[in-house]
Every structure is written in structure tokens, then in C-alpha cells.
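Notes follow the structure.
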Amino acid sequence: MIATTEKKKQKVIDAVIIRFVGDSGDGMQLTGTQFSDTSAMFGNDVATFPNYPAEIRAPQGSLYGVSGFQVHIGSVEINTPGDDVDLLVAMNPAGLKTNLHALKPGHTVIVDTDSFTKKNLEKALYDSNPLEDGSLENYRVIEVAMTSLTKEALKEVEGLDNKTITRSKNMFALGMVYWMYGRSREYTTEFFNKKFKKKPEVIEANTKVLNAGFYFAETLELIPNAYTIAPAKMAPGTYRIIMGNQATAWGFLAAAEKSGLELFLGSYPITPASNILHELVKHKHFGVKTLQAEDEIAGISSAIGASFAGDLAITTTSGPGLALKAEALGLAMMIELPLVIVDVQRGGPSTGLPTKTEQSDLLQAMYGRNGESPIIVIAASTPSNCFEYAYEAAKLTIEHMTPVLLLTDGYIANGSAPWKIKSVASMPEIKNNIIKEAEEDWHPYNRDKDTLARNWAIPGVPGLEHRVGGLEKDRVSGNVSYVPENHEYMTKIRAEKVKRVQNYIPEIVPEFTEEGDLLVVGWGGTYGSLHSAVKELNEEGYNNIGFAHFNYINPLPKNTSEVFSKYKKIIVCELNSGQFVKVLKINCSEFNFLQFNKIQGLPFANNELVEKFKSLV
Amino acid sequence: MEAAVKEYTYKDFASDQEVRWCPGCDDYVILRSMQKALPEMGVKKEDVVFISGIGCSSRFPYYMDTYGMHGIHGRAPAIATGLKLTNPDLSVWVITGDGDSMAIGGNHFIHVLRRNIDLNIVLFNNEIYGLTKGQFSPTSLVGQKTKSSPYGNTQPPFSAGELALGAHARFFGRISGNTPKEMTQIFIDAEKFKGTSLIEVLQNCPIFNDGAYSKFNDKAVREDRMLFVEHGKPMIFGKERNKGLVLNGLKLEVVTIGENGVTETDILVHDAKEQDPTLHQMLVRMEYPMVTGIIRAFDDVTLEEREDALTAQVKSDSNFKKTDDLFFSGDIYNVF
């Protein structure tokens, strides 16, 4: 072994994008999570994105069995998990084959040479070994016999079976990457101690392999230097790393506590929304009730029943599930009860691309019901602000007594980022319209004069017995009414009620410049990509480009047209063929909107945005 | 202590809405039987909720002066499930028809029975679609001529009882639409039963399927063609009270007491509380006699009992009292 007394040089960089790839069984999600958590604890800004195969147990070594985890860390503001990567860690040939395209030319790939066997190369459909045929000459390849080195490191640990030994090679890779980026191993060793409390030999094995990888990198001449990424300048406070779906679930927990209502979730499993159900079902200690229903329709219907009985009721789904819920959503709108529907969008139409992201449910959210049935539509835009917008969805539905549809998408739902923890005490108040006891002149459809919200009379209160239902309601009593004028009145008042929400939501504030040559417009989960691109251009001197990102879709913020009027050109960027732009054309018809659309099941890449925006100014 | 429940009469449960079913419809009998049963149940009026789907039967909640929701087609069991989980103190009633429960709402119907949540379902079975004006339903007979089967229905019917028992219904009762006294009593018994109670009412539609049940429930033949079962009593019927059921191999057989040496002690005694539904299945399948009364009432743990026990356990094991305890737990870090 080479003596390590002479320290290698440290190079300071702003940010790095690393992708760990391997077989489904190689533990890449854990490796990536450990790296990003460690970096977050160190103070870096972080964004991550997992990429698992759709198959649960894909054949070992196959191209479609590759599991990956991308992490972007920096001493600067990080808004996305990044596009092309600076470092690729490939645990097998299939991982290399499916991910090499994402590695920047000239950058480093670390491979486990032990896995490049004839059999594995064949499974990855390689005609020749890429490590030998020169096909990697544009990259810096670090070949490491990781499996053998892992076995070597563990030869003296007793009580380990072969499987445990080979499985811990991901920690060898992690150890190497920790050294390369000057990370401490402490968080991960503590994680072993907690996770394998009852299996001391597994703690020992993982720790040994992690250390072995760390020291291997330190001594390896192929790695000339380590990198330092200083902590990011983030607002002071207490943070944690949070995934979008978890943040959504927690937003509802906070809203339930703040409003004094109990939370009810009626849901049917669907990718990529199921994690919200998985998260909420854990929290029975807060009185959370969950029903895994027999189908999507029962999911929303049970939530409507729970809402009638006085709970903060929600239902979670993705595109196809939203289609199934449409009729029940119309009922909730008609009977004017609080209800939040979360649609974690995925690639459509029909079954579409369940594990890929898209923003193509917007028009379904806006209009996908029979009759005239406007509802409030809002969208979260980052993994961590799923918390705020879930909370906001709950607040709006309780205060305005009409359903709220919250749109997120697979990209932000599965992505993770630091979240500055919000104490429930710091969240805005949530008022409700509950009637506690019978009073004179009470009628089910009495409305608040400002919001037009009807009152919420909950079964169990004497004197408030009443019937609601999907037939048109008399404007006061709520009894069935076929009176023509009443129907027109009620149709208009339901729409007006949603429109008045404008008075209770924030105005849109453009970023970078309040007026200029180009306004970049986005909505929902594309915030990170769009913000990064406009920021980069701004730093390059393009200070004539502004950025307006919408979280409130229906109704739009009051000042939308006013903001648009300050720019010469407006480009609306969406991961669909142009849905939000249709909403804007209806509401702000005086403007000419340019479009930038991508329909590949993928987020925007930075370079495609930058190029497009440059071409317009 | 619970406040004493007020004394009610049936009028307390009638809403101010004009009842708009066709004259002569058995739905009127069901409505009045329910209004008469409620004062006998010991429940407070404000705790009673009727949830319905779509169809003639589903107008029912509008006519009751209780809480109610006229929902969407087939989904009442799901709405009622959310309602009951939210407030287990409520007396929750699902009102449905044969099309609502077994066609468009078939999925919710079987799953509510499987889960055994404590609510009551009244199924108005008239073997026809009434509100849409006369198409065949999932309980219409093969050959039945309807608006949508002018040459005769080709789809074999479901039996509500068979389907329900197959879905693990713990309580199944069947009652003829023209026997209000028995109907009132079965509603009271259903409310007292803990778990999902299903009552199938053989309801005559005088407009689109008149006389569907008359061959056994006409006053003139009723006693000879129908058997009203009661738990713990021998299954005897007939004007002369001399017909009864015995088990012959794997089949139920009608015998006459006093003939071929048959005595009353040979007649099967009804056991509604038996867990094994085999005999209950045989009873619901019989056409002669048509069996009514509480066919099955097997006591079992309810969904809300399981949920409550689990929640209590999780609460007592958890360190999380407020959401802040959760948010600030685990891997958190400070930025200064």
C-alpha cells in the first residue's frame, strides 16, 4: 500500500452531479440517499432524483433492470437534480450501457470490473467489452475490482454469508465517492448502527467496506485530487431532506392539526402517488384515518362521506385515477363540501408512462367533469413546497367550501431536496364554516357574503338535519329544484365562488426583472429547470429576461395580465403540448403567447431552455 | 352519561318534501316502515344518516327528516364507509336498488360486505330499472321482456343473497315489500346488529314489472309459498303450519308434518348465527318456499373495531403527540 502521509491536493468546486447505477439488487437507492443526506448534513444544497425500473424484480444484469439515483449537490443554490453528470458510478455493464450517454465528455466513470463478465456483457447486449475496446476513450475510466476488494476487506469478519458480502460492495463505491468529495463517513456509519442494531456482524461488514473504499480512493493514483464543495448559503434554520410525496402528506398533517379537524384519506394505489398513502397510513397517532379503497371511485367517494361527517378529507391519485374520480368530484363540487384531490401527474394518455413525468393533466383538472363544474386548481413546484401547497389546498377547501385539485408530478413527487422545517405554529390560520348549533333562519345553503362559501352542517347536531345530493339544489334550502332561474343562479354562484378565491391568494411576482424583452412562464413542477435556466442567462448578462411561475391555476392570480403587459414577448414552457397556454389564452386573451413544449416523459434540460430563450432576445 | 334519547313518532322522521313515487309502489311501504322503525331503535334523530345512489329507491333520503346524501350511481356504500369511519356514533343507512348495488355499484357492494363496517343497507329489489323507464336489471329473469330486451332477456340474474353471502355478508335479511310489520322489525334488528346488515326488500314495481313476486307474496298464497325464518325456531310454514324443511343429502327438502312419519322434531331449526354459511346459502337459493326473515346474523369483529384497536395501540406506542414532534424528528440539521 502506498503511504498516505502526503496529502493529495484539494480542488474547490461549486457543484457536482453524480449518478449511481447498478442492478436493482445493488442498493443504488441507498447509496445515493446516503450520499445526498451526508451532503445535506454538511450544509450543501441538494436535489435528488431516483430512477427505478418499472419491473419489480427484473432479471439480474438486464438493461431494463437498471436502477439509478442521481444527486446534485452544491455550495450554490441547487434547483434540480441536474441533467448530464460529472461522475457516473456503474456497478455493472447494463448500468454503464444505459447511462453513459448522460456522462459529460472527459468526465469520470467508476466501474466494478468484477461485474464485467462475459455473461453480464451479453445481458447488457455488448458485442465487446467496453473496458477493452476503446469505446470509453472520451472518458476518464476508473476500473476497480470492487467485488474482490469487498471480499478481501471482509475475509476476517465472521458470520457473513456470501450474499451479504457481495451486497455490501455498494458501500465500497460510496466510500470512494466520499473520499473524492471530502465527505465524512460519520452519518453513514451511524446509519448502520441504527439500521442493523441486532446484527453486529452486518454493521462491522458495512463499516469495513465503506472504510476500505474510502482509503482505496485516497491511495489510488488515478484519482489525483479530491474536491471540496463548501456549504451553501442557505437561510438559517432547521432542515431535513424531504421527498415531494412525503412533503405533500406532511402538509395535510399540518393542516389537520391547525384546523382542528381530523384527516381522512380515501385512496387506491397508483404510481406515482402511492407514497402519499404509505406515508399517511403511518400516522394513526395523529388520528389520521386511511382507507385503501376497492377502486379510485371508492377512494374519492369515501372521502366525500368523511367530509360530510366533518373530517378534512382528501384523496390521492394520478392521471387515469383522476379520470375515474371525475363524476364524484362533480358531486363534491355540487354539494359544496371541502375535499382535496391530489393528482401526481405522470405521462399520459391512458396508462401512458407511469414512471415518467409530464404536466398533461392540467386540462383534465380544469374541465374534466360533466356540466359546468369549476373547482380550485393549484400546483406545487418543488419537492419541498409540496408541503406548502398541500397545506394551502386544505386551507382553501375548508375556507371556500369547494373541492381543490392539487397537481404535483412524478418529478417533484419522487425528487428530494432540503426543506426548512415549518412548525405548525408558523403556518397561517385556517378558519372553517362549521355550524355548531341550530339557529333561527339557518339553511344549508346560507353563504358567507365575502367568500360565498356555504356553511358546513355536520351530522350529529340536532336541528341541522338536511339533505344534500347531486340534483340541482334550491339556492337556500338545498332541496331539489328544477326551477330554471335557480339553476342559472346556482351555476353562476358556484363559478363566482371559485373566482373570488383570487381575493385570498398571492399575486404573481416575476423574478429577475419586472419588465423586459422576454417573460418565461411556467407552472408546477418545472420551476427548478426554468428558474435555473433564466438564472444562468441573467448571470451571463441577459438581464432582460424575467420569469413568472404559477402555482395558482384556477383562479389565476389577479395581476396576471398586468405582469404580462410588462414584457415584449411571453413564452409559456410546459411538459405537454400546450395546456396552460390554453388557460392563459382564455383568461388573458390580449397577449400573444409563444410556446416551448416537451413531451418525452422527461423534465426540461437546461441547455435546451437556455438556447431557446437566447434565440428570443 | 349519554343524554336520554327523545321519544319520537314516525312523523318526526318525515321531511317536508312531497313523496314522488308512483302510486301503488312498495317504496311507500318501505318509507313508512322505516319511519316507524326509527323511533324504536333508541337512536337520536340527529345521529341518523341516509346515503343513497341513483334510481327510484335512491330518492329515499329526501323524504326522511334526517341527515342525508343523494350520491352518485352505485357509490353509496363507499360514501357511507367514509362517513362511518369518520363518526362511528352515527346510525348510517345505505339505500340502494338492484341496478345501483349489483350493476354499476357491484364493486362497492361486495367490498362493503367484506369489510363488515357497522352500517345498514336496504336493497330495493324490483328486478327492473324503474327511473330509466323499464330496462332489465342484473336481477331480471332470463326471457323477461323489457324495454331493452324486447325479445326476452338473455342475461342470467344474480341472486342478491347468494352474492352477498359469497362476499362474506355477516347479516342478510330478506323481506317481502308488502309485509310492513315484519319489515319494520327487520330494520330494527339490522340497526341492532353490529356489522354490515343487508336487507333485501322484494319490492314490486307496479309500472314496469308488476307482479314480479305475486306468485309467492300475494296475500292469498303467501302463507303457503313463503317461509319466514326466525333464529332458534323450526322452519315451518303453510296455512296449516304443517310444512317444514329437512336436509336430504346436500339439499333442503319440503316435507309435510304428519305424513310419512314426519314430526315437528324432524324439522330443521334455523340457526342464523352459525358462522358456516352453507345452510344460509341453501335458504337464499330456495324458490319454494321463498325464504324471508333474518337468514344470517353472524357476529363478527367490525372494521371500525379493528381500526380503533389499531389506532389506540399506535397512539400508545408513539412518541409523536403533535406534528412538530414528527417534523423535527430523525435526520434534521441546522444551518446557522
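All chains are named by letter (A, B, ...) in the order of the sequence lines, taking the proteins before the strands, and each is independently numbered beginning at 1.
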Check: Looking only at heavy atoms, what is the nearest atom pair of B/His70 and A/Leu471, with distance?
Finding: CE1-CD1, 3.5 Å
Check: With a 4.5 angstrom heavy-atom cut-off, which part of A/Leu253 approaches chain B: side chain, backbone, both or neither?
Finding: both
Margin query: Is B/Leu326 close to chain A through its backbone or its side chain, or both, or neither, when contacts mean heavy atoms under 4.5 Å?
Written below: both
Notebook entry, point to check: Can you tell which of B/Ile51, B/Thr81, B/Asn107 has the highest number of heavy-atom pairs within less than 4.5 Å of chain A?
Noted result: B/Asn107
Checklist line | Interchain contact, B/Gln313 with chain A, by part (heavy-atom threshold 4.5 Å) | finding: neither
Item checked: Non-neighbouring partners of A/His443 that pass side chain to side chain donor-acceptor pair (under 3.5 Å), sequence neighbours left out -> none
Check: Can you tell me how far CZ of B/Arg75 sits from CD1 of A/Ile304, rounded to the nearest 0.5 angstrom?
Finding: 11.0 Å
Check: Side chain, backbone, both or neither: which part of B/Leu85 has a non-hydrogen atom closer than 4.5 Å to chain A?
Finding: both
Notebook entry, point to check: Top residue by heavy-atom pair count (under 4.5 Å) with chain A, among B/Asp47, B/Leu303, B/Asp65, B/Leu310?
Noted result: B/Asp65
Check: Any idea which of A/Leu331, A/Ile421, A/Ile241 has the most non-hydrogen atom pairs under 4.5 angstrom with chain B?
Finding: A/Ile421
Item checked: Ring centers of A/Phe387, B/Phe327 separated by less than 6.0 Å -> yes
Margin query: Which one wins on heavy-atom pair count under 4.5 Å against chain A: B/Asp324, B/Val49, B/Val48, B/Leu90?
Written below: B/Asp324
Notebook entry, point to check: What's the spacing between A/Met334 CE and B/Ile72 CD1 if we round to 0.5 Å?
Noted result: 12.5 Å
Margin query: Which one wins on heavy-atom pair count under 4.5 Å against chain B: A/Ala309, A/Ser301, A/Pro236?
Written below: A/Ser301
Notebook entry, point to check: When you look at A/Glu294 and B/Arg115, which way does the salt bridge (Lys or Arg N to Asp or Glu O under 4.0 Å) test go after all the steps?
Noted result: CA-CA 11 Å; A/Glu294 58 272 27; B/Arg115 292 190 184 109; 2.6 Å; yes
Item checked: Contact class of B/Lys322 relative to chain A, heavy atoms under 4.5 angstrom -> both
Notebook entry, point to check: B/Thr311, B/Ile54, B/Val112: which one forms the most heavy-atom pairs within less than 4.5 Å of chain A?
Noted result: B/Thr311
Check: For A/Thr188, what residues pass the side chain to side chain donor-acceptor pair (under 3.5 Å) criterion, not counting sequence neighbours?
Finding: A/Gln34, A/Tyr178
Item checked: Which portion of A/Ala303 sits near chain B, non-hydrogen atoms under 4.5 angstrom -> neither
Next item on the list: Give the member of B/Ile110, B/Val92, B/Val314 that has the highest number of heavy-atom pairs under 4.5 Å with chain A.
Entry: B/Val314
Notebook entry, point to check: Under a 4.5 Å heavy-atom cut-off, does chain A meet the side chain of B/Phe328, its backbone, both or neither?
Noted result: both
Checklist line | Interface residues of residues 458-470 of chain A facing chain B - non-hydrogen atoms under 4.5 Å apart | finding: A/Ile458, A/Pro459, A/Gly460, A/Val461, A/Pro462, A/Leu464, A/Glu465, A/His466, A/Arg467, A/Val468, A/Gly469, A/Gly470
Check: Under a 4.5 Å heavy-atom cut-off, does chain B meet the side chain of A/Lys194, its backbone, both or neither?
Finding: side chain
Next item on the list: Tell me, for B/Arg59 versus chain A, whether the close heavy atoms (under 4.5 Å) come from the side chain, the backbone, both or neither.
Entry: side chain
Next item on the list: Any chance you could measure A/Arg240, atom CZ, to B/Asp331, atom CG, to the nearest 0.5 Å?
Entry: 7.0 Å
Margin query: For B/Thr86 versus A/Ala306, what's the shortest heavy-atom pair and its separation?
Written below: OG1-CB, 3.2 Å
Checklist line | chain A contact via B/Phe336 - side chain, backbone, both or neither, heavy atoms under 4.5 Å | finding: backbone
Notebook entry, point to check: How would you list, by chain and number, every residue that makes a side chain to side chain donor-acceptor pair (under 3.5 Å) with B/Ser318, sequence neighbours excluded?
Noted result: A/His285
